[in-house]
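For clarity, every value in this text was computed on a predicted model and none was experimentally measured.
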Amino acid sequence: GDVWYWFKKIKSSRRYGRKAIDVSFDPQPGNPTDVTISESHKLKPSNGNIAYSVFLQACFFYTGGEWCVPAQGWIGISTE
């Protein structure tokens with residue numbers, strides 16, 4: 001199968017710690033590809049404000065190059 005690599009970057013407002021968010025990526029041959037964003041412990045509500053932002057980019061190598069998923073970008077997260 002293909003060898004995937006992925007990159008994540010997590011940003012948070014000052015009152016929320018980056019370690020509170022876990023991100024995992026599980027590429028499948030075809031669709032769907034699963035990206036899971038979860039909390040590592042109970043989080044305080046952000047009252048509709050963006051508390052975290054997660055950037056994801058996934059790529060795989062093939063002979064002669066690499067291909068990166070076009071739908072890379074930031075995901076904003078508010079907490080309840």
(message) Can you give me the closest heavy-atom contact between Thr79 and Lys44, atom names plus distance?
(response) OG1-O, 2.6 Å
(message) Tell me the closest heavy-atom pair linking Lys9 and Trp74, and the distance in Å.
(response) O-CZ3, 3.9 Å
(request) Starting at CD1 of Ile21, measure out to CD of Glu39 and round the result to the nearest 0.5 Å. (result) 7.0 Å
(request) Among Asn49, Leu43, Asn47, find the residue that satisfies the side chain to side chain contact (heavy atoms under 4.5 Å, CB included) test when tested with Pro45. (result) Asn47
(message) Working to the nearest 0.5 angstrom, can you tell me the gap between Ser53 OG and Ile75 CD1?
(response) 9.5 Å
(message) Using every non-hydrogen atom in the two residues, find where Ile10 and Val54 come nearest and quote the distance to one decimal.
(response) CG1-CG2, 4.2 Å
(request) Applying side chain to side chain contact (heavy atoms under 4.5 Å, CB included), name anything that partners Ser78, two or more places apart in sequence or on another chain. (result) Ser46
